[in-house]
Amino acid sequence: MVGMVKEILGQSVAVEAFCFEVSARCYTHLNINKKHKKVSLFPSFSCSSVLTTPQELMNTVRSSAAATPIIKRRTTTIIDDDDLNSNNKGHHHHDEDGVTLLKISASVSIKNSKELMAMMLDYFDSFNNNSIIGDNRGIVMQLVSTQIDPRTMEAKMSKRAVLDWSRELLFHGDNNERSTHKVEFEIDSNFGFPGAITVTNKYDKEIFLESISIEGFVEISCNSWVQPEKLHPDKRIFFSNKACLPCETAEGVKELRKEELRQKRGDGKGTRKLNSDRVYDYDVYNDLGNPSKGNEHVRPILGTIKHPSPRRCRTGRPPVITHEEYESCVNAFMETYVPRDEVFEGVRKEALDVERVKGITRNLIPFIRTCITKCGVFKDLSEMKNIYKRKDETKHDEENNPTLAIHHVNKLFQDSFEEYFKFSTPHIITGNGCCIRDEELGRQALAGVNPLSIKRLQTFPPVSDLDPSMYGPQESALKEEHIISHLDGMSVQQAMEAKKLFILDYHDAYMPFLKGINAQEDRKAYATRTILYLTKVGTLKPIAIELSLPNDPEGPGEQQQQQSKQVLTPPLDATSYWLWQLAKSHVCSNDAGLHQLVHHWLRTHACMEPFIIAAHRQMSAMHPIFKLLKPHMKCTLQINALAREALINGGGIIESDFSTGRYSTEIISAAYKDWWRFDMEALPADLIRRGLAEPDRTQPHGIKLTIEDYPYANDGLLIWFALERMVRTYVNHYYHNGLMVRSDSELQGWYNEVINVGHGDHANATWWPTLATPRDLTSVLTTLIWIASVQHSAVNFGQYPLGGYVPMRPPLVKKLLPKEGDPDYKEFLEDPEGYLCSSLPDLFQTTKFLAVLNILSQHPEDEEYIGQRRDLSDWAGEPEIIEAFYEFSIELKRIEKEIEKRNRDQNLRNRCGAGIPPYELLIASSGPGVTCRGVPNSIST
């Protein structure tokens with residue numbers, strides 16, 4: 001049988017259209033109930049040539065070689081009731097009570113899979129062995145009416161219908177994605193309107209049920225894996241597509257609505273079954289370390305009083321034997337649980353696997369050079385460009401110069417192997433030298449992969465919020481004399497009032513952890529502050545960098561304070577030039593770390609997870625808000641689980657490749673505790689909070705930017721207000737007043753659970769928005785959709801194109817700035833470029849880092865972008881909603897054209913100019929791969 005499966009799945013096989021039909025032939029050795037007329041469990045097949053036995057069918061399948069057999073349509077319907085002895089052959093008859101019984105048909109769509117094909121072939125083997133397939137096989141379905149039966153006071157139900165592959169099969173080779181089946185249900189004439197369907201899978205394999213269409217009038221979108229009954233005895237419940245508030249639920253499906261949520265909540269106990277369970281529950285982050293390997297592998301548990309954090313999806317893995325408060329780690333034989341419907345499938349999974357293989361391949365040579373031959377340190381900055389593919393060389397006239405042609409061919413052979421292992425050239429290199437230019441550092445703060453850290457300077461010198469008894473004086477070492485010469489004749493106060501001064505402030509985020517960070521091998525960092533000046537042409541230019549180290553509590557007071565802080569300004573000579581470059585490397589390294597830990601992981605991935613878990617636990621699939629949010633929750637739990645396995649875990653990518661090292665999780669927790677606020681995650685609120693915008697009723701959207709050419713904000717505001725209009729229309733359609741919002745038990749249960757459980761460490765915060773009016777709900781939903789789509793895209797899909805060149809954006813720095821009298825100061829003076837190179841990641845660290853960025857920046861082929869909804873059947877009878885979605889989609893296309901127009905405007909120097917890549921991260925559409933554009937609906941990478 002294994003060989004059969006491989007043969008079917010591994011090559012194309014042409015099969016004529018077989019019709020597996022009910023046979024009148026009944027074999028005397030089969031014990032079949034007399035009530036089941038004209039039903040044979042032994043099939044007959046008809047095609048262009050007569051096949052009389054299962055063995056002949058098997059031989060035909062094995063010998064064909066044109067197209068993979070794909071189940072296109074199975075029309076066999078089995079009505080599983082006690083009325084099969086009726087002699088009526090029409091579409092209706094009468095039951096014992098005289099009620100007219102009707103037969104209605106449904107079209108059931110099931111996605112094909114390798115498991116499905118294997119199961120089908122198992123049946124062929126069963127037939128070949130003359131085995132009997134009883135009534136314990138099949139997919140059992142039962143329609144549920146919206147009405148209550150007055151005799152039983154329970155929902156009216158159809159007779160059970162069984163879809164069984166052992167009854168009738170039909171092959172077709174032109175559609176390999178899904179199979180469609182016709183099923184008949186028997187109902188009484190006063191059944192009413194179908195409101196739901198229950199499904200039981202009596203096969204041994206899971207089935208992906210896509211949709212059910214009843215008589216073409218009732219659509220039920222399922223898109224879910226249905227597990228075998230032996231694994232999950234509860235019947236699966238699917239509702240008709242019409243959105244419905246709890247108070248509007250028909251009597252016949254009220255209990256099913258509650259039961260569906262009960263199934264998804266689980267009981268909070270036990271280990272979750274991989275690729276089977278669909279339970280959504282909460283847990284703390286107690287799975288990031290591996291205490292069984294020793295104390296050095298212990299990491300803080302996030303989600304405690306000491307280390308607050310959003311909650312994650314619970315897996316229930318057993319605890320570590322020696323540390324019961326920690327969950328055991330995954331290994332090569334175990335994956336991290338996520339609810340079954342959240343698991344990557346098909347094209348998305350294949351694309352991820354391909355990129356993983358590429359990442360491993362591209363690291364082979366760097367690993368050998370760095371770890372075996374010990375030749376991984378870059379000697380100069382130009383050497384770093386050798387890891388990237390070369391641009392296409394000019395074609396030579398080989399006919400006129402045969403010697404050159406032969407040389408060219410030889411060179412191609414020599415370079416082909418190594419070239420295959422190289423990376424694509426990122427956009428960030430274009431127009432830049434080996435080090436980051438001052439103007440480029442400022443431009444990236446507005447149009448780079450992290451446009452969320454820049455703030456307007458409103459107090460000078462800057463002041464720390466840290467405890468001075470632990471971290472020294474709060475005042476900065478920055479003085480007016482450091483920057484006065486760069487302010488075009490203004491004083492510092494005048495420049496601040498003119499909104500010309502800005503700051504990248506990473507002081508408080510890093511200072512509490514610097515002693516630990518700098519105690520790690522090959523890791524050195526400062527708590528940095530960078531002052532930037534807004535030039536007359538609208539660009540930002542760094543004019544001072546402050547580098548701070550922790551005070552030594554045993555040091556001599558004021559003298560030690562001055563030693564722990566140093567200020568650098570734009571260079572005047574060769575020595576200050578290289579020191580300035582080193583200082584900018586530390587600034588960019590801090591920016592890379594905070595971008596990955598806070599703005600990317602915490603603000604999008606981690607903080608969205610509780611909203612998703614609570615939505616599945618508290619809101620029925622019928623709920624209009626669940627339907628609105630559904631595409632924006634897709635795949636997030638899966639990608640977060642993968643991140644806990646390999647990205648943010650102890651010894652993972654971030655600890656290995658970033659300066660923050662083993663203190664990364666503590667930095668995440670500190671940012672969540674002291675800085676994160678849901679009410680500040682809305683784009684306008686975030687811009688105002690950072691001083692990058694202010695309310696202004698004279699502006700089209702009531703907000704005015706402080707920096708006119710701020711590509712992230714300029715483009716983002718267009719999308720924000722278009723999104724807000726769409727959400728407002730949607731909310732107002734279902735909620736006509738505040739009472740409807742406040743009395744919606746599922747909606748309020750969702751929001752309360754998010755606050756009190758999912759974000760329980762902030763449960764008592766006063767800044768949580770209220771949820772009492774349609775306006776409140778519009779604001780909350782707009783913010784969530786914004787985070788899941790636009791904000792995540794802004795900080796994720798530019799990681800490789802805009803951050804994939806280590807000299808300009810190093811994830812870690814290995815050395816502090818040299819000082820006179822230091823042992824390595826002489827080395828710095830003799831070879832400053834070599835000193836800078838030795839401060840940056842080596843070859844293997846670099847390629848490993850780039851491989852990860854390349855994977856994170858990919859769009860899969862099946863990506864669904866904002867403005868796209870592949871299934872609008874939920875709102876088939878709601879033209880106002882359909883129109884709102886359509887208008888939003890059209891508006892995104894207009895915004896795309898506007899962004900393209902802005903990228904051609906020579907006056908916008910932060911997105912247009914010589915060597916300046918256009919800012920396309922917020923263009924909604926994209927093709928697959930690393931494109932540096934495209935806004936997917938959800939956080940899926």
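Worth knowing before you read on, the calculation uses all heavy atoms, side chains too, and leaves out hydrogens, waters and symmetry mates.
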Trainee: Please round to the nearest 0.5 Å and tell me the distance separating atom OG1 of T783 and atom CG of L781.
Mentor: 8.5 Å
Trainee: Evaluate the criterion side-chain contact (heavy atoms from CB on, under 4.5 Å) for residue pair R775 and T778; output intermediate values, then yes/no.
Mentor: CA-CA 5 Å; R775 183 176 182 179; T778 297; 5.6 Å; no
Trainee: Side chains of H595 and S453: donor-acceptor distance under 3.5 Å anywhere?
Mentor: no
Trainee: Considering the options E655, E666, H307, which one meets the side-chain hydrogen bond (donor to acceptor under 3.5 Å, both in side chains) requirement together with R299?
Mentor: E655
Trainee: Please report whether the ring centroid of W676 lies less than 6.0 Å from that of H759.
Mentor: yes
Trainee: Under 4.5 Å between any side-chain heavy atoms of Q791 and T604, yes or no?
Mentor: yes
Trainee: Measure the NZ-CD1 distance between K627 and I881 for me, rounded to the nearest 0.5 Å.
Mentor: 12.0 Å
Trainee: Check the pair S789 / N937 against side-chain hydrogen bond (donor to acceptor under 3.5 Å, both in side chains), numbers first and verdict last.
Mentor: CA-CA 5 Å; S789 56; N937 271 325; 6.0 Å; no
Trainee: Is the backbone of M622 close enough, under 3.5 Å, to the side chain of S620 for a donor and an acceptor to pair up by distance?
Mentor: yes
Trainee: Does the pair T665 and Y285 meet the rule for a side-chain contact (heavy atoms from CB on, under 4.5 Å), with working shown?
Mentor: CA-CA 10 Å; T665 53; Y285 282 80; over 6 Å; no
Trainee: For the residue pair I454 and L504, establish whether any side-chain heavy-atom pair is separated by less than 4.5 Å.
Mentor: yes
Trainee: Any heavy-atom pair between the side chains of R690 and L687 that's under 4.5 Å?
Mentor: yes
Trainee: Have S464 and D508 got a donor and an acceptor in their side chains that come within less than 3.5 Å?
Mentor: yes
Trainee: Which is it for E724 and T782 under the side-chain hydrogen bond (donor to acceptor under 3.5 Å, both in side chains) test, yes or no, and what are the steps along the way?
Mentor: CA-CA 6 Å; E724 186 180 52; T782 303; 5.2 Å; no
Trainee: Within the structure provided, determine whether P451 and L446 are in side-chain contact (heavy-atom separation under 4.5 Å).
Mentor: no
Trainee: Would you check if the side chain of E645 reaches a backbone N or O of T336 as a donor-acceptor pair within less than 3.5 Å?
Mentor: yes
Trainee: Indicate yes or no: does R869 engage E864 in a salt bridge with an N to O separation below 4.0 Å.
Mentor: no
Trainee: Would you please test E891 and R725 for side-chain contact (heavy atoms from CB on, under 4.5 Å) and show each step?
Mentor: CA-CA 11 Å; E891 183 61 23; R725 283 194 299 272; 3.9 Å; yes
Trainee: Scan residues 683-713 for pairs that pass ring-ring contact (aromatic ring centres under 6.0 Å, His included), counting only residues two or more places apart or in two chains.
Mentor: H701-F721
Trainee: Can you check side-chain hydrogen bond (donor to acceptor under 3.5 Å, both in side chains) on Y282 and E753, steps first, answer last?
Mentor: CA-CA 11 Å; Y282 301 96; E753 185 170 289; 2.7 Å; yes
Trainee: Roughly how far, to the nearest 0.5 Å, is the NE2 atom of H605 from the CG atom of L637?
Mentor: 12.0 Å
Trainee: Please determine which of R644, E327, R272 meets the side-chain hydrogen bond (donor to acceptor under 3.5 Å, both in side chains) test together with T315.
Mentor: E327
Trainee: Using distance alone, with no hydrogens and no angle criterion, decide if Q799 and S857 have a side-chain donor and acceptor under 3.5 Å apart.
Mentor: no
Trainee: Using a distance-only test with no angle check, is there a side-chain donor-acceptor pair under 3.5 angstrom linking N286 and R312?
Mentor: yes
Trainee: Does some side-chain heavy atom of E887 sit less than 4.5 Å from a side-chain heavy atom of M726?
Mentor: no
Trainee: Without hydrogens or angle criteria, can the side chains of D776 and T773 be said to hold a donor-acceptor pair below 3.5 Å?
Mentor: yes
Trainee: Could you check whether D744 and Y735, counting side-chain N and O atoms only, form a donor-acceptor pair closer than 3.5 Å?
Mentor: yes
Trainee: Report yes or no: does Y471 contribute a side-chain atom to a donor-acceptor pair with the main-chain N or O of P550 at less than 3.5 Å?
Mentor: no
Trainee: Can you confirm whether the side chains of Y506 and D591 place a donor and an acceptor under 3.5 Å from each other?
Mentor: yes
Trainee: Given the side-chain rings of F626 and W750, with only the six-membered ring counted for Trp, is the space between their centroids under 6.0 Å?
Mentor: no
Trainee: Tell me yes or no: between the side chains of Q618 and Q748, is some donor less than 3.5 Å from an acceptor?
Mentor: no
Trainee: Heavy-atom distance under 4.5 Å between the side chains of Y280 and E342, does that happen here?
Mentor: yes
Trainee: Say you draw a straight line from CZ of F658 to OG1 of T660; how long is it, rounded to the nearest 0.5 Å?
Mentor: 7.5 Å
Trainee: Report yes if the side chains of F678 and C607 come closer than 4.5 Å at any heavy-atom pair, otherwise no.
Mentor: no
Trainee: For the pair S669 and S309, evaluate side-chain hydrogen bond (donor to acceptor under 3.5 Å, both in side chains) and give the outcome as yes or no after the intermediate values.
Mentor: CA-CA 6 Å; S669 177; S309 168; over 6 Å; no
Trainee: Take H623 and L245, measure what side-chain contact (heavy atoms from CB on, under 4.5 Å) needs, and give me the verdict at the end.
Mentor: CA-CA 6 Å; H623 202 290; L245 293 172; 4.0 Å; yes
Trainee: Assign the ring pair H762 / Y672 to parallel, tilted or perpendicular, where the plane angle (0 to 90°) is split at 30° and 60°.
Mentor: tilted
Trainee: Under a 3.5 Å distance rule, please check whether D709 uses its side chain to pair with a backbone N or O of N910 as donor and acceptor.
Mentor: yes
Trainee: Side chains of T636 and S938: donor-acceptor distance under 3.5 Å anywhere?
Mentor: no
Trainee: Are D287 and Y326 close enough that some pair of their side-chain heavy atoms sits under 4.5 Å apart?
Mentor: no
Trainee: In plain terms, say whether E609 and R311 are close enough for a salt bridge, that is, a side-chain N and a carboxylate O under 4.0 Å apart.
Mentor: no
Trainee: Between D686 (side chain) and E681 (backbone), is there a donor-acceptor pair under 3.5 Å?
Mentor: no
Trainee: Is R911 salt-bridged to D715, cutoff N-O under 4.0 Å?
Mentor: yes
Trainee: Atom CZ of residue position R677 - does it have more than 12 heavy atoms of other residues, nucleotides or ligands inside 6.0 Å?
Mentor: yes
Trainee: Establish, from distance only, whether the side-chain atoms of N450 and H600 form a donor-acceptor pair under 3.5 Å.
Mentor: no
Trainee: Counting only N and O atoms by type, is there a donor-acceptor contact under 3.5 Å from the side chain of N590 to the main-chain atoms of G593?
Mentor: no
Trainee: How far does CG of L683 sit from CD1 of I703, to the nearest 0.5 angstrom?
Mentor: 7.0 Å
Trainee: Check the pair D281, R617 against salt bridge (charged side-chain N to carboxylate O under 4.0 Å, His left out), reporting the backbone distance first and the verdict last.
Mentor: CA-CA 8 Å; D281 200 0; R617 289 168 52 86; 3.7 Å; yes
Trainee: Under the ring-ring contact (aromatic ring centres under 6.0 Å, His included) test, which residues partner F502, sequence neighbours left out?
Mentor: none
